[in-house]
Amino acid sequence: MDFSLGEDRQMLVDTLGRFLAGNFDWKTRETVIETAEGWSRPVWAQLAKLGVIGALFDEASGGFGGSAFDIGVVFAEVGKALAVGPFLGTLLAGRALAATGETALLEQAIAGEVILSAALDSDAAQGVADGEGWALTGTQPVVPFAASADRIVVAARTGEGPSLFLIEKGAPGIEIRDYPLIDGGAAGELMLDGAAATLLGQAGEASAIIEEAVAAGLVALCWEAVAIMDSLKVQTLEYLRTRKQFGIAIGKFQALQHRMATLALEIEQARSSAINAADRFAKGRLEREKAVSAAKFTIGRVGSLAAEEAIQMHGGIGMTWELPLSHYAKRLVMIGHQLGDEDMHLERFIALGQDALATAS
Amino acid sequence: MDFSLGEDRQMLVDTLGRFLAGNFDWKTRETVIETAEGWSRPVWAQLAKLGVIGALFDEASGGFGGSAFDIGVVFAEVGKALAVGPFLGTLLAGRALAATGETALLEQAIAGEVILSAALDSDAAQGVADGEGWALTGTQPVVPFAASADRIVVAARTGEGPSLFLIEKGAPGIEIRDYPLIDGGAAGELMLDGAAATLLGQAGEASAIIEEAVAAGLVALCWEAVAIMDSLKVQTLEYLRTRKQFGIAIGKFQALQHRMATLALEIEQARSSAINAADRFAKGRLEREKAVSAAKFTIGRVGSLAAEEAIQMHGGIGMTWELPLSHYAKRLVMIGHQLGDEDMHLERFIALGQDALATAS
Amino acid sequence: MDLSFTQEDEAFRAEVRAFLQDKLPARLSDKVRKGQRLTKADMEEWHAILNARGWLANHWPVEWGGTGWSVMQRFIFETEVALAHAPRIVPFGLSMLAPVLIKYGSEAQKKHWLPRILDGTDWWCQGYSEPGAGSDLAALKTSAVREGDHYVVNGQKTWTTLGQYADMIFCLVRTDNQGKKQEGISFLLIDMKTPGIEVRPIKLLDGDYEVNEVFFTDVRVPVANLVGEENKGWTYAKYLLTYERTNIAGVGASMAAFERLKQVAATQRRNGRPLAQDPQFAARLARLEIDLENMKTTNLRVLAAAGAGHAPTAESSMLKIRGTEIRQQISDLMRRAAGVHAQPFVTEALEEGFNGPAVGPDFAAPAASHYFNYRKLSIFGGSNEVQREIISKAILEL
Amino acid sequence: MDLSFTQEDEAFRAEVRAFLQDKLPARLSDKVRKGQRLTKADMEEWHAILNARGWLANHWPVEWGGTGWSVMQRFIFETEVALAHAPRIVPFGLSMLAPVLIKYGSEAQKKHWLPRILDGTDWWCQGYSEPGAGSDLAALKTSAVREGDHYVVNGQKTWTTLGQYADMIFCLVRTDNQGKKQEGISFLLIDMKTPGIEVRPIKLLDGDYEVNEVFFTDVRVPVANLVGEENKGWTYAKYLLTYERTNIAGVGASMAAFERLKQVAATQRRNGRPLAQDPQFAARLARLEIDLENMKTTNLRVLAAAGAGHAPTAESSMLKIRGTEIRQQISDLMRRAAGVHAQPFVTEALEEGFNGPAVGPDFAAPAASHYFNYRKLSIFGGSNEVQREIISKAILEL
C-alpha cells in the first residue's frame with residue numbers, strides 16, 4: 001500500500017503549483033474573472049506547454065498520464081489556487097473523444113490549440129440523422145465556458161439511444177446564452193435548433209462512455225474540493241490564532257476549538273473519499289461508480305460544513321468579496337452543484353448497492 | 001391565545017405530582033420494576049381513586065377530562081416520576097372502548113377495577129366469525145402489560161377489513177409470552193390461536209378508531225418524553241455545576257456550555273411540538289395526524305440527542321444503573337420505539353402532506 | 001391551553017390583510033417575492049404608506065405615534081406583512097434608535113427626531129461595530145473628545161448597513177479611557193453630512209453592496225446630540241440590543257420563504273419526478289416544515305409570556321438562533337433545488353423589470369446569492385455563538 | 001498511489017483466514033455474532049488458542065514473543081479476527097501493561113510477568129480512573145506510602161473493566177503530594193489477593209456487570225512491584241495511552257457489525273418492505289457505509305505513515321472519535337431496526353445456549369442493550385471531548 005504520489009506525479013504537482021502561484025496569483029484571478037470570457041487564454045496556453053492538460057489523458061490518446069490520480073492531483077492544484085479555466089470541460093470532452101477514437105482533435109486540445117467543452121445530459125437534446133451528418137435540438141444547461149469553446153461534445157438521445165456528438169463553434173442552429181458564474185469563470189446555456197453535428201462513436205452506445213467521463217469529472221471535482229477545504233482550514237486557523245476578542249485570540253475559545261477539531265476530522269474523511277474514488281476508478285464499473293458517488297456525497301456534505309464554518313468563524317469579514325476566503329467558500333459550495341449533488345449521489349449510491357445485491361443473488 | 005393549563009388541569013397536575021413524589025419515589029420504582037408484574041397494583045388503585053385514569057376520558061365515557069391536554073399533563077407527570085404502570089394500554093384500549101360505546105367496561109377501568117391493554121396492529125392478527133362470537137389468530141408484538149391485563153382490545157383483519165375485538169384474560173387460544181422491558185415495566189407477545197373474542201363496533205370499520213386512539217397515545221408519549229427531557233436537562237445541569245475536573249466545574253467548559261444551550265433550545269422545540277399535537281388533536285383528521293407525526297418525529301430526534309448528551313456529559317457515572325439519569329435516558333430512547341419511530345413518522349408526515357396536496361388539487 | 005387566536009385577533013388580521021391588499025404596491029411585492037434588489041426609493045415608498053396608515057411605529061408608545069397594539073397583534077402584523085411580500089422596514093431609526101430616545105432621550109430630542117423618523121426626513125444608520133470590536137462590542141475605540149459645545153469624533157465604524165443612504169448615524173463612542181471598557185462609552189447622534197465623514201462600501205461575497213465602513217476624522221458633533229448622560233452609553237446600547245426582540249425569529253419571513261420553497265419543490269423536477277417526491281429532498285423539506293411549525297409555537301409561547309408581563313430575555317436568544325438557522329436552511333434548500341442553475345451569476349436578473357432571457361427556472365437566479373448572503377444572519381445581530389453564551393449564562397446558569 | 005494490499009499481505013490474510021477457519025471455535029464465534037455475553041472461560045479459551053499459534057502478542061518485540069509483523073499485517077490480522085467474530089482479547093495485560101514493562105520495567109519484571117501474560121497465569125486489570133479523576137486523570141488521589149520494603153496503598157479506583165476476574169492490577173498511585181499533580185505519580189503492580197482489596201461491581205444501565213470499583217485499605221505492595229522510578233509514573237501512563245493506537249478506530253469490528261446490520265436491513269421489514277428499501281433507513285445505512293469506507297482509508301493512511309516511520313499521535317484522536325461514532329451509529333441503527341422489539345429485556349437470550357421462545361427477530365434481543373452499553377465508547381479510553389482537545393492543541397495548534 002502506498003499513499004505517496006510517486007516521483008513523476010510529484011513533479012507535476014510541484015511544477016503546476018509553482019506555475020499557478022507565479023502566474024495565477026490572487027490579483028490575476030481577480031482581473032481574469034472580471035473579463036468577458038472569464039478565464040485567461042495566455043495562462044491556458046502555458047499550462048498546455050507545461051503538459052498539464054496532457055496529464056489528464058493517457059499516452060494512447062496523446063497525453064502523458066490519464067490515471068485518476070493524475071486527474072486528481074491536477075485538480076487539487078486548481079483548487080488550491082482557485083484557478084478558473086476550461087479544465088472540467090476539457091477533461092469531460094477529452095475523455096469522450098479518447099473513448100471514441102477522436103485522438104487528433106484531442107491532441108490539439110492537449111496542445112492548447114483547441115478549446116473543448118462538454119454538455120453530457122443526453123436527456124436535454126435529441127439528435128436526428130441529417131444527410132451524412134446529424135442535427136441536434138434541445139437546450140443543454142450550464143455548459144462550462146460554452147462561449148469560449150471551439151468544439152463541444154454534446155450528448156443527445158437518438159432513435160438508437162444516448163449518443164455523443166461533436167459540434168463546432170459558430171455552426172448554424174447553435175445559440176449560446178453565456179454568463180459569469182458566482183464562483184468565477186463562465187458558462188452558457190447551449191441552445192440547439194437543428195444544429196449540425198458529427199456523431200462520435202456508435203449511435204446509441206454512449207451511456208458507458210458518458211458514465212466513465214462523468215466519473216473522471218467527479219474524481220476531479222472531489223480532489224479540487226478537498227484542496228479548497230484544506231485552504232479554508234488553513235485560512236480559518238490563521239484567523240483564529242490572530243483575531244482577538246475579549247482580549248484573547250478567538251482560537252482559545254473551546255467551543256470553536258472543538259468545532260475546528262470536528263471540521264479537521266471531517267476534511268480527513270473527505271480526503272479519504274477522494275482517494276477511494278481515484279483508487280476505484282480503474283476497477284470494475286460498479287466499484288468505480290459506488291466510490292465516485294460516495295466521494296461526491298462526502299465532499300458535498302463536508303463541503304457545505306467547511307464553507308459555512310469557515311465563514312461563521314471569520315464573522316463579518318468572512319462574508320466580504322475582498323477576502324479570498326469567501327471565494328473559496330463559494331467555489332466549494334458550487335462544486336456541490338456540478339455533476340450531481342450530495343442528495344443525488346446518496347440516492348445513486350443506494351441504488352448501486354441494490355443493483356449489486358440483485359446481481360449477487 | 002393561552003398557554004396556561006387552567007385551574008382544573010393545574011390541580012390535577014399538582015395532585016398527581018404530589019402523589020407520585022410521595023408514593024412512587026425512586027426507591028419504590030426500583031422495587032416495583034423488579035417484581036414479576038413490573039408495576040404496582042396498590043399505586044394504580046390509588047391513582048384511580050385520585051381520578052387520574054378518569055382524566056384520560058371524557059364525561060360521556062365516564063371520565064372527567066379526556067382532552068388531549070388532559071392526556072398530555074397526566075403523561076408529563078408519569079414521565080417526570082418515570083412511573084411504570086398500564087397507563088398507555090389503558091389509554092389506547094379506553095379510547096377504543098369509548099369510541100365503540102363500551103362505556104360500562106371503561107368505567108370499571110377508570111375505577112381501577114379492571115386492567116386494560118391494547119394490541120392495535122390490525123395486520124398482526126386475523127378474525128373470523130365463530131358462531132355468535134369471533135375467533136382471532138395471530139401474534140401481536142410487545143403488548144404493554146399483557147400478562148396483567150384483564151381485557152385486551154385487539155385489532156385484527158376480517159373479511160370486512162380492520163376490526164376491533166375484546167379478549168378476556170385466560171380465555172382458550174390465548175398465550176402470552178411475557179417479559180420485562182429495558183426501560184422498566186413489562187409487556188408480552190400476545191399469541192392468539194383461535195382465541196374467543198367479542199367484536200367492538202362494526203366489523204371493518206376500525207381504521208378511524210384505531211388512528212384516533214393511536215393519536216391519543218402519541219400525544220401521551222410526546223408529553224411524557226418532554227417531561228423526561230426536562231428531567232435529564234435539570235440533572236445534567238446540576239452535574240455540570242458540581243462535578244469538577246481540572247480544578248473547575250465542568251459546566252464552565254465552553255464546549256459543553258454551547259452543547260447544553262443547543263440541547264435546551266431543542267427541548268423547547270420538542271415542547272412546542274407536543275403542545276401542537278395536543279392542540280390539533282381536536283381538529284380535522286389531516287391536521288391532527290400531521291401534528292402528531294411531526295411531534296413524534298421531533299421528540300424522537302430530540303429524545304436521542306437528549307439521552308445521548310446527558311449520558312456523555314455525565315461520563316461513566318451516567319452509564320450506571322444506580323443513577324436515575326440512566327433510566328430516564330433509557331425510557332426516553334424507548335419512547336422512540338413505541339407507536340412508530342422518528343423515521344416512520346417523518347415518512348408519514350411527508351405522505352400526509354402529499355395527501356393534502358392531492359385533496360387540494 | 002388554547003392556541004387559537006381570539007376573535008379580536010382574527011378581525012385584526014383581516015384588517016391588516018385588507019390594508020395590504022389595498023395599499024401594498026404589486027410592483028414592490030413582486031420584487032420581494034422574486035428576490036430582486038430593492039432601491040432606496042422602494043423602501044421609502046413602503047415606509048410612507050405604512051406611516052400614512054399610522055402603522056409604521058406600531059411598537060412606540062401611543063403618545064409618540066404608536067398604535068397601542070398587543071404583542072400578539074404586532075406578531076400578527078409582522079407575519080401578515082411578510083406573507084404579503086412587503087419590503088422590510090429599515091429598522092435603524094424606527095426600531096433601534098427610537099426606543100432609546102423614548103426611554104433615555106431629552107424631551108427636545110424626542111420632539112425633534114421622532115417625527116422625522118416617522119415622515120422619513122432622516123434615514124438613520126447604526127454605528128456600533130468596529131474592526132476590532134465585533135462580538136466584543138465594548139472594546140470599541142472610536143473616540144469623542146469634548147471641545148466646548150462639540151465632541152470631536154475620530155475613528156472607524158464598520159458593517160454599517162445601508163449607510164450609503166443615511167442622513168444620520170447613531171454611534172457608540174468612547175468618551176473615557178479609564179476604568180472598565182463598558183464604562184466610558186457614550187451614545188451620539190451624528191449628521192452624515194458633517195465634514196470628516198467618509199463612507200466606503202464593503203462588497204459582500206454575493207457581489208451586493210449593503211454594508212459600509214464609516215470613517216470619522218475630526219468630525220465635530222454638537223453636544224446637544226449626546227443621548228442621555230456621557231459615559232452611560234453602554235446601558236442604552238444594551239437596552240437597544242434586548243428591546244423588541246419578540247419578532248427576532250422572523251417567523252413571518254420564514255413562512256413566506258417556506259411557502260415559496262414548497263411551490264418550487266412541487267414543480268422543479270429531478271430524476272424525472274418533482275423534488276417534493278425525491279426521498280432526500282422530501283425529507284429535508286419535511287424536517288424544515290416541522291422545525292418551522294415548532295419554532296412558530298415557541299415564538300407564540302414567548303409572546304404569550306411577554307403579554308402576561310414576563311419580559312423575554314434569553315428566550316430571545318433561542319428564537320434568534322433557531323430563527324436564523326431556519327431562514328438559512330430555507331435558502332440552503334432553495335439553492336439545492338436550483339441544481340446546476342445555482343451557478344449562473346446573472347445579476348441583471350436581480351433588478352426590477354429584468355427582461356432578458358431567463359437562465360434556468362426563475363427562482364434560481366437569486367438562489368445562490370441569497371444562500372451566501374444569509375450567512376450573515378448567524379453572524380450579525382449578536383452572533384449565534386454569543387447567543388449560546390447568553391443562554392448558557394442567563395437560562396442554564398452555567 | 002496504490003491502495004491495494006501487496007501479494008505478501010494477501011498471502012498473510014489467507015493464512016490468518018485459514019487459521020481462523022481451523023481454530024476459532026464455532027461456539028465462540030456464534031456467541032459473538034449473536035451479541036451474547038462471554039464468560040471468563042470463553043475469553044481464556046481464545047487467548048490460549050492465539051498463544052498456541054504464537055499470534056497473541058503480535059505487537060511485542062520478537063524477543064519477548066512478538067511476531068515481527070508490519071503495522072499493515074497487524075491491521076489485517078485485527079480486521080480478519082473481527083470479521084470472523086472472534087472474541088476480543090482482553091487488552092489490559094497484553095496491550096497496556098506489557099508495552100510499559102517492555103519499555104520501562106526491570107529485566108526481572110519482564111522475565112517474571114511477560115510469560116505469565118502470555119500463558120494466561122495472570123489476568124490483569126487497570127487501576128487508572130478514580131471517582132474524582134476521570135478526564136483529569138492526573139488528579140488521582142490513591143496514595144502509596146513507603147514503609148520499608150512495601151508501599152502501603154489506600155484509596156479507590158473505579159471503572160475497572162473485568163476487575164472481577166483479575167489476579168493482578170496495575171495502578172497509578174500518588175507517592176508525592178508536592179509540586180504539579182502530574183509529578184508524584186508512580187506505577188505499581190498489585191496482587192488482587194492482597195488483604196485490604198475489595199472489588200465492588202458497578203451495574204451498568206444495560207444491567208450488565210463489566211466494570212468495578214476497587215477499594216484499597218492499607219494494602220501492602222512489595223517495592224519490587226514498582227515499575228520504573230518512583231514519581232515517574234505519569235510518563236509511563238502517557239506512553240501507555242498513546243501506544244498501539246493504530247487500531248483504535250476498530251475498523252474490523254465495525255466492518256463485522258456493519259455486515260450484520262446490512263443483513264438485518266435486507267430482511268427486516270417495515271411498512272411492507274425491507275428496511276434497506278425504506279427511504280430514511282436506507283439513507284442512514286448508506287451514510288454509515290460511506291463513513292466507514294472513508295474511515296477505513298483514513299486508518300490505512302495513518303498506518304502507511306506509521307510504517308514509513310511517522311508515529312501517529314493526534315491522528316489517533318481522529319480515528320478514536322470517528323471510530324467510536326461509527327460503532328455507536330451501527331448499534332443505533334440496530335436498535336432502530338428492532339422496532340418495537342427493542343424494548344423487551346430478555347437477558348436470558350444473551351446467555352449461551354438460550355433455548356427459550358424468541359421475542360421478535362433474533363438480532364433484536366441485544367440491540368437496545370448494546371446501544372446503551374456502547375455509549376461508553378465515547379466516554380472511556382479518553383473521552384471524545386478529550387480527543388478534540390488533543391486535536392485542537394497538537395494538530396491545529398490552537
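Side-chain atoms are counted along with the backbone in the values below, which use heavy atoms only and exclude waters and symmetry mates. Everything numeric in this text was worked out from a predicted model, so none of it was measured. Residue numbers start from 1 in every chain, and the chains themselves are labelled A, B, ... in the order their sequence lines are given, proteins ahead of strands.
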Top contributor to chain C interface from A/Ile250, A/Leu346, A/Asp183, A/Leu256 [non-hydrogen pairs under 4.5 Å]: A/Asp183

Salt bridge A/Glu238-A/Arg241, side-chain N to carboxylate O under 4.0 Å: yes

Heavy-atom contact with chain C under 4.5 Å, split by part of A/Phe246: both

Atom group of C/Ser369 that falls short of 4.5 Å from chain A, counting heavy atoms: both

Atom pair CH2/CG of C/Trp159 and C/Leu204 - distance to nearest 0.5 Å: 7.0 Å

Charged N-O contact under 4.0 Å between C/Arg37 and C/Glu351: yes

Exceeds 12 heavy-atom contacts within 6.0 angstrom, atom NZ of A/Lys244: no

Under 4.5 Å from any heavy atom of chain A - which part of C/Arg284: side chain

Interface moiety of C/Arg388 toward chain A, non-hydrogen atoms closer than 4.5 Å: neither

Value rounded to 0.5 Å, distance of OH in C/Tyr374 from CD1 in C/Ile330: 9.5 Å

A/Ser293 (side chain) donor-acceptor with A/Lys290 (main chain) under 3.5 angstrom: no

Under 4.5 Å from a heavy atom of chain A, the part of C/Ala139 involved: neither

Residue selection (most heavy-atom pairs with chain C, distance under 4.5 Å) from A/Arg243, A/Arg177, A/Glu347, A/Gln312: A/Gln312

For chain A, the option from C/Arg270, C/Gln328, C/Gln280 that forms the most heavy-atom pairs under 4.5 Å: C/Gln280

Under 4.5 Å from any heavy atom of chain C - which part of A/Glu189: side chain

Contact listing (chain C partner; residues 325-341 of chain A; heavy atom under 4.5 Å): A/Ser326, A/Ala329, A/Lys330, A/Arg331, A/Val333, A/Met334, A/His337, A/Gln338, A/Asp341

Segment of C/Ala133 engaging chain A (4.5 angstrom heavy-atom cut-off): backbone

Engaged part of A/Ile311 at the chain C interface, taking heavy atoms whose separation is under 4.5 Å: both

Whether C/Lys157 side chain and C/Leu172 backbone form a donor-acceptor pair below 3.5 Å: yes

Region of C/Phe372 in contact with chain A, defined by heavy-atom distances below 4.5 Å: both

OH on C/Tyr128 to CZ on C/Phe380, rounded to 0.5 Å: 16.0 Å

Note: A/Glu211-A/Arg348 ion pair, threshold 4.0 Å (strictly below): yes

Euclidean distance, A/Leu232 CG relative to A/Glu308 CD, rounded to 0.5 Å: 11.5 Å

Most chain A-contacting option - heavy-atom pairs closer than 4.5 Å, from C/Ser135, C/Gly132, C/Ala138, C/Ala368: C/Ser135

Side chain proximity check, A/Ile174 to A/Leu192, heavy atoms < 4.5 angstrom: yes

Region of A/Arg259 that comes under 4.5 Å of a non-hydrogen atom in chain C: side chain

A/Asp121 and A/Gln140: side chain donor to acceptor below 3.5 Å: no

Pair C/Asp291 + C/Arg287, salt bridge at N-O below 4.0 Å: no

